[in-house]
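Here is the structure we will look at.
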2 protein chains.
Amino acid sequence: MNTRDIALAVFRTSLASADPAGAVRNHMTLSGEILKVGPEFFPLQALRHILVVGAGKASAAMAWACEELLGERIHKGLVLTKDGHAPTSGKGGKIRVLEGAHPIPDERCLSGTQELLSILSEATEEDLVICLISGGGSALLEDLPEEITLSDLAAVTDFLLRCGAPIQEINVVRKHLSRVKGGQLLRHMQGAAVVSLVISDVIGAPLSAIASGPTVPDPSTFQEATDILMRYCGGEKSDIPPAIVSYFEKGIRGNVLETLKEGDPALSRSRTLVIAGNRSAADAAIKACLQQGISPVLLTAYLEGEAREAGKMFAAIAREIRATGNPSPVPCCMVASGETTVTVKGKGLGGRNQELALSAAMAMDGLPDVLLLAGATDGSDGPTDAAGAIASGDTIRRARAQGMNPREYLDQNDAYHFFDNLGDLIRTGPTGTNVNDLYLLFCM
Amino acid sequence: MNTRDIALAVFRTSLASADPAGAVRNHMTLSGEILKVGPEFFPLQALRHILVVGAGKASAAMAWACEELLGERIHKGLVLTKDGHAPTSGKGGKIRVLEGAHPIPDERCLSGTQELLSILSEATEEDLVICLISGGGSALLEDLPEEITLSDLAAVTDFLLRCGAPIQEINVVRKHLSRVKGGQLLRHMQGAAVVSLVISDVIGAPLSAIASGPTVPDPSTFQEATDILMRYCGGEKSDIPPAIVSYFEKGIRGNVLETLKEGDPALSRSRTLVIAGNRSAADAAIKACLQQGISPVLLTAYLEGEAREAGKMFAAIAREIRATGNPSPVPCCMVASGETTVTVKGKGLGGRNQELALSAAMAMDGLPDVLLLAGATDGSDGPTDAAGAIASGDTIRRARAQGMNPREYLDQNDAYHFFDNLGDLIRTGPTGTNVNDLYLLFCM
């Protein structure tokens, strides 16, 4: 195989490791009448009911793997997924699948969540609840306090986005406008054993951030949520829906429940497993490299920052490998995962991985036997039909031979057309999962 | 020693390796009457004269090391250095030191170069010429064609800078407006043996780029120089000094000599040694880490890009090391060298290394036992009196305790005051050398 084929094969192996149904199968097995979920054993005869609930873009596929394994042993189930993510036919079973709007929740999300809570209302200490959590769950699973409306929630979210608030701060506010986020779903379990299977779309897989962590403790407080709002509105409360201001005041006074905190008894029978995420995707890539006889080096699973700058860093490492065999002798593959961002200034078409690859190609120009693959694990890199692109030391020469000026394509954020012309886009189609992006730098 | 002291000690060792006089001593020795320069031996009795010439900010210090070693054995010498870089007293000897303007050459550079050429005019095949080259030499060593003036040169340089031309393209133009750059100094050697000792301030140490490569071949042509000018002026020749347009036309017609090309006989007795550069600085850091029992990993000696983005990359690697011991188990030090840039948007005070460190500190917040040192080897990071700064997982907590908002300091490009308040600036004073920047990421 040439390097390009190897790179694509490694990427595909990595995607397969993040497949929602496959990830559930890898972490949940049945031996006779013993259900094993991660390190925990549940003898089925000791359980009264198994309930399956969940929310997220991957929840329908995860639910299907549960059906396959447990079938009639499931008492009831309901998962909430994004429009277009429910199976269209042939997968009916014990677990219902309802769709809702994403990323802005709609009434269907609220009513679906009420149905989910009504299933959980049947749970007792003799039951097992399996929670299937993935990216997008934050919008899909929502139970608002009586005095807060969907439009209040949309208004405050929009306000914070316009102020440039980081997502972490927006989530602190949103968790405190919810009765299920920030661990609060556990308040509906009546002492049942709970296992949450999580597919992480957040770098570092901080559990409280994935789908707003419905089954894990949350350290943030009503006071912090209020401080964030006040900071961005400059104390001008009229920018904030009044119902939110007064609800947070009640929260600070202790008149409504806080998000679930460490030490809460509701946590005592709850366990959370990250069954796929950008780390496991990188790990799968590493194993695939080893099978190809290529030395893998895990550089980082925390890559963030401006896409084109990250591209330069990969090129700088490629240059060093070619010059001195550091940090690894060839043949090697630097493996990284994470998710970069693009500050759009031009009018072209592209995605963060395509832009990273274009920038790397420019900085690797002329370097022999190097190849960088940058790809989105959900198959969708920015507003394009590509997952990413492949850059090599030869990319720029080939582009110039076609009359393309790489600098102009980069300046226009037009990496899509650049790589499309070269035939170097990666197109996987929608993968049904999302564990951020993967970067594979091969030096052969 | 604590990590901070270790980091500073490693940085100082690295600086010492780049000291101009020390670097000359490391690469040029006398055994009896045999002069060894790098891998070459010169029996002194076989030489008629030793001539020493040079140009660059470090050339006076390099010349002093030659004087120390060879003393009266030097027949004549002259080096050109930047204002304020000549020794003030006590170092008189065979090698004269003249000062000139930098970065824009003045008449003193031209007249000094004429004196230097007149010394070289004495060279014969029985002589050895030692050339001492370092950053800044491009401005200091200049012999213009008769029809080109200093103001023509300044005008075209200014024009290209305003057009945003990369330094590589500006240098192609400048080499073709010179009779000493691009290897052409070798045309003044009359067949003498030539050894060039080079201190590199250019990433990757491409010899033709350091001080415009007066003693190494140059691949660029009058046609390319003309194409660059025409591209930026859009064919509007009135933007270019007319003397330059007509000189380049003569060059294309072959009526004036090209820069020196590979295969030119003038190269046959010439050898070039890079005696210090950002790679040797990184190598010295690696040795110093090993002596401290810390595993070093050379990440890259080619680091470039936006400073704050590079800071995020170091933080991403620090997080991985803490999480999984990849790419190296602790205690380890990721060593890198290169030079980043800052896109200034705020009104604060800072330098590229300080800004990189601030960005890294924000992205490493709370991470235990990690420390990043980023420092300029010339001791001068941006328009500040600091060489760089030290960031750790504790930096942000300490800054907040002092009432500082790190994000505001970064937004204002005000890393200097941020780290000054914390006592975390590195101040070395001017080091008399420049081999770009060094980055040391310790995870203990």
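Given the structure is predicted, the values throughout are model-derived calculations rather than measurements. Chain identifiers are assigned alphabetically (A, B, ...) following the order of the sequence lines, protein sequences preceding nucleic acid strands; residue numbering begins at 1 within each chain.
- Taking B/E304, B/K312, B/M313 one by one and counting their heavy-atom pairs under 4.5 Å with chain A, the maximum is reached by B/M313.
- Heavy atoms closer than 4.5 Å to chain B are found in the side chain of A/T324, but not in its backbone.
- Distance alone, capped at 3.5 Å, is enough to place a donor-acceptor pair between the A/E309 side chain and the B/E306 backbone.
- Between the CG atom in B/L367 and the OH atom in A/Y302 there is a gap of 8.5 Å [rounded to 0.5 Å].
- Other residues, nucleotides and ligands contribute more than 12 heavy atoms inside 6.0 Å of the CD atom of A/Q402.
- Chain B forms the most heavy-atom pairs under 4.5 Å with one residue out of A/M334, A/E320, A/R279, and that residue is A/E320.
- Side-chain contact between A/V297 and B/N326 is absent, with no heavy-atom pair separated by less than 4.5 Å.
- Counted within 6.0 Å of CZ on A/R231, heavy atoms from surrounding residues, nucleotides or ligands total more than 12; the atom is thus considered enclosed.
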*Before giving the answer on side chain to side chain contact (heavy atoms under 4.5 Å, CB included), spell out for A/L299 and B/L299 the whole-Å C-alpha distance, their side-chain angles and the decisive distance to 0.1 Å.*
CA-CA 10 Å; A/L299 197 62; B/L299 197 60; 3.9 Å; yes

